[in-house]
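Numbers restart at 1 for each chain; the letters A, B, ... are given by sequence-line order, proteins then strands. Note: hydrogens, waters and symmetry copies are ignored here, and every other heavy atom, side chains too, is used.
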There are 2 protein chains.
Amino acid sequence: MPDGTNTGRPRTRIQQRNRDLILGAALDVFSLNGFRGSTLDEIATQAGLSKPNLLYYFPSKDAIHTELLSGLMDTWLDPLRDLDAHGDPIPELLAYVERKLEMSRLYPRESRLFANEIVQGAPRILSALQGDLKHLVDEKVVVIRGWMDTGQIAHVHPYHLLFSIWSLTQHYADFDVQVRAVLGQEEPFQEAPAYLKGIFLKILTP
Amino acid sequence: MPDGTNTGRPRTRIQQRNRDLILGAALDVFSLNGFRGSTLDEIATQAGLSKPNLLYYFPSKDAIHTELLSGLMDTWLDPLRDLDAHGDPIPELLAYVERKLEMSRLYPRESRLFANEIVQGAPRILSALQGDLKHLVDEKVVVIRGWMDTGQIAHVHPYHLLFSIWSLTQHYADFDVQVRAVLGQEEPFQEAPAYLKGIFLKILTP
DNA sequence: GTCTATAAATAGATAGAC
DNA sequence: GTCTATCTATTTATAGAC
């Protein structure tokens with residue numbers, strides 16, 4: 001992911017570096033074990049810092065997790081935000097699929113962090129799902145419905161269409177081990193882009 | 001899921017009842033928190049038994065989890081096993097999609113149990129994925145390739161086609177909270193079957 | 001079979017020296 | 001800022017009475 005997640009307070013270079021170390025390590029650990037399954041010990045070891053030093057930078061285990069989730073939520077929605085109502089509908093949607101798949105390829109830990117959180121009932125981000133996410137989706141669904149009503153793309157359930165895009169693209173990050181187990185040695189992300197573009201073209205063509 | 005998961009040893013009615021209570025409670029807890037995020041305390045409370053009593057029936061936390069996973073793996077693969085090489089290809093595949101979606105609707109806990117395990121790297125079932133699962137998939141891919149080569153269904157990457165079916169159907173169980181958050185009050189499983197059949201018909205039609 | 005009590009290890013978090 | 005030492009609660013698991 002990008003940035004140094006600056007929450008406003010000024011920081012020295014060493015502060016910034018250690019915060020980043022901690023958040024990176026926490027992303028490794030939380031994304032692989034979920035919140036409750038992760039320990040500060042593991043995060044500290046992974047970050048190369050002592051446990052008390054971790055808690056010098058963040059007040060609690062919960063605070064680290066929350067910082068990660070809220071810092072990432074925005075970035076995670078960017079691909080959908082970029083869906084342009086004035087673009088050419090089919091290429092626009094295929095490009096969205098491509099961006100989402102690229103996110104899975106480049107940021108599998110972030111994808112699994114969300115997957116863990118949501119599979120486990122989204123206790124910490126339910127309000128964000130019902131708020132920011134739902135509002136953005138509602139807004140884009142209007143655009144998609146417009147494209148359908150003018151016959152520019154096929155008529156399918158717009159919400160479930162978006163679920164399909166999320167599901168299919170994130171699958172390659174979240175279920176990576178299963179995909180690789182089944183494919184043997186073939187590289188998943190080599191075939192996936194063409195495959196997904198192909199099927200979404202069929203789904204969307206009027 | 002079905003059965004009383006009999007592993008061979010004879011059991012009294014009270015033994016069977018308590019084993020089932022424990023496995024049911026463990027399914028609730030493990031499917032919501034993953035293995036490491038779950039505690040025997042929670043499982044015991046959920047089962048209405050004391051913690052030592054749990055460990056009278058199962059030797060360890062790990063044993064409960066393993067029993068759940070291995071007992072379920074077979075059932076989980078049944079819908080794919082039922083894919084009939086001699087059936088009518090498109091209806092056959094659509095029926096498979098329907099069976100998988102029905103599994104998500106009826107057994108969301110089981111779906112989330114696997115989702116947690118796989119998202120977290122499948123430490124306990126990797127060998128089953130590389131063994132039983134891969135072999136079954138390889139076998140069915142031969143069937144699907146046959147249907148493609150004779151022009152009965154469209155030519156798409158058969159492995160990724162199966163990933164798509166798993167991903168799209170399980171999404172409604174594993175990411176249920178997100179789906180519901182976005183849909184508001186609309187019931188996901190009302191629209192999903194028709195939507196999925198519709199898009200897979202487009203994908204598969206030559 | 002089921003319980004209370006408890007062991008032994010690990011968890012998150014704090015105190016205080018440096 | 002970073003560390004060692006430590007507190008307190010929780011965790012898995014066992015011992016042993018009933």
Side-chain angles (χ1 to χ4, degrees), chain A residues 4-7 9-69 116-117 120 123-124, chain B residues 4-7 9-69 116-117 120 123-124:
Chain A
T5 316
N6 203 317
T7 322
R9 294 174 296 286
R11 282 189 200 110
T12 65
R13 282 176 303 286
I14 194 165
Q15 278 176 328
Q16 195 51 260
R17 188 187 69 95
N18 279 347
R19 275 182 60 92
D20 290 349
L21 273 177
I22 293 169
L23 289 175
L27 184 54
D28 281 345
V29 176
F30 283 136
S31 70
L32 221 77
N33 302 108
F35 178 74
R36 286 179 40 166
S38 302
T39 69
L40 288 179
D41 251 322
E42 253 186 303
I43 299 174
T45 302
Q46 180 77 10
L49 298 172
S50 70
K51 198 162 45 161
N53 205 6
L54 231 70
L55 294 164
Y56 169 78
Y57 287 96
F58 293 90
S60 68
K61 175 184 173 182
D62 217 293
I64 303 177
H65 194 250
T66 300
E67 176 81 9
L68 272 181
L69 279 179
N116 263 304
E117 177 70 8
Q120 303 187 0
R124 277 160 268 270
Chain B
T5 317
N6 202 318
T7 323
R9 294 172 296 287
R11 283 190 197 110
T12 65
R13 283 176 302 288
I14 194 167
Q15 278 175 329
Q16 195 53 258
R17 189 186 67 96
N18 279 347
R19 274 182 60 92
D20 291 349
L21 274 176
I22 292 168
L23 289 174
L27 184 53
D28 281 345
V29 175
F30 282 136
S31 70
L32 221 77
N33 301 109
F35 178 74
R36 287 177 42 163
S38 302
T39 69
L40 289 178
D41 249 322
E42 253 185 304
I43 298 174
T45 302
Q46 180 79 10
L49 298 171
S50 73
K51 203 164 33 165
N53 206 7
L54 232 70
L55 294 166
Y56 169 77
Y57 287 96
F58 292 89
S60 68
K61 175 184 172 182
D62 217 294
I64 304 177
H65 194 250
T66 300
E67 174 82 10
L68 273 180
L69 279 180
N116 263 303
E117 177 69 9
Q120 303 187 1
R124 274 160 270 270

**Any A/Ser50 side-chain nitrogen or oxygen under 4.0 Å from OP1 or OP2 of D/dC3** = yes
**Request:** Rounded to the nearest angstrom, tell me the gap between atom CD1 in A/Ile22 and atom P in D/dG1.
**Result:** 12 Å
**Request:** Using only side-chain N and O atoms of A/Asn53, determine if any of them is under 4.0 Å from OP1 or OP2 of D/dC3.
**Result:** yes
**Prompt:** Which comes earlier along DNA chain C counting from the 5' end, the contact point of A/Pro52 or that of A/Asp41, where each point is its nearest nucleotide?
**Reply:** A/Asp41
**Asked** Do B/Pro123 and B/Glu117 have side chains that get closer than 4.5 Å, going by heavy atoms?
**Response** yes
**Fill in**
Between CZ of B/Phe58 and C1' of D/dT14 the distance, given in whole Å, is 18 Å
**Asked** Is the B/Phe30 ring parallel, tilted or perpendicular to the B/Phe35 ring (thresholds 30°, 60°)?
**Response** parallel
**Message:** Can you measure A/Asp62 atom CG to C/dA13 atom P for me and round it to whole angstrom units?
**Reply:** 8 Å
**Item:** Nearest-neighbour nucleotide for the A/Asn18 side chain, D/dT4, D/dT2, D/dT14 considered
**Value:** D/dT2
**Complete:** Side-chain atoms of B/Tyr57 come closest, of D/dT12, C/dG1, C/dA13, to C/dG1
**Prompt:** Does a side-chain N or O from B/Tyr56 land closer than 4.0 Å to OP1 or OP2 of C/dC3, or not?
**Reply:** no
**Message:** Name the residue from B/Leu21, B/Leu23, B/Val29 that meets the side-chain contact (heavy atoms from CB on, under 4.5 Å) definition with B/Ile43.
**Reply:** B/Val29
**Item:** Contact under 4.0 Å: A/Ser38 side-chain N or O vs C/dG12 OP1/OP2
**Value:** no
**Prompt:** Rounded to the nearest Å, what distance is computed from the NE2 atom of residue B/His65 to the C1' atom of nucleotide D/dT12?
**Reply:** 16 Å
**Asked** Counting side-chain heavy atoms from C-beta on, which of C/dT2, C/dA13, D/dT4 comes nearest to A/Lys61?
**Response** C/dA13
**Request:** Starting from C1' on C/dA15, measure out to NZ on A/Lys51 and report it in whole angstrom.
**Result:** 15 Å
**Item:** Gap between atoms CG and P, on B/Leu55 and C/dT2 respectively (whole Å)
**Value:** 13 Å
**Prompt:** D/dT11 phosphate, OP1 or OP2: any side-chain N/O from A/Thr39 under 4.0 angstrom?
**Reply:** no
**Request:** Would you kindly give the CD-to-P distance between B/Gln16 and C/dG1, to the nearest whole Å?
**Result:** 12 Å
**Request:** For A/Leu49, answer base if it contacts any base atom (sugar-phosphate contacts may also be present), sugar-phosphate if it contacts only those atoms, and nothing otherwise; contact means non-hydrogen atoms under 4.0 Å.
**Result:** nothing
**Item:** Spacing of CG belonging to B/Asn33 relative to CG belonging to B/Asp28, to within rounding of 0.5 Å
**Value:** 10.5 Å
**Asked** Could you give the CG-to-P distance, from A/Leu54 to D/dC3, as a whole number of Å?
**Response** 11 Å
**Request:** Could you tell me whether the side chain of A/Arg19 reaches within less than 4.5 Å of the side chain of A/Glu67, counting heavy atoms only?
**Result:** yes
**Asked** Which nucleotide, C/dA13, C/dT2, D/dA13, lies nearest any side-chain atom of A/Leu40?
**Response** C/dA13
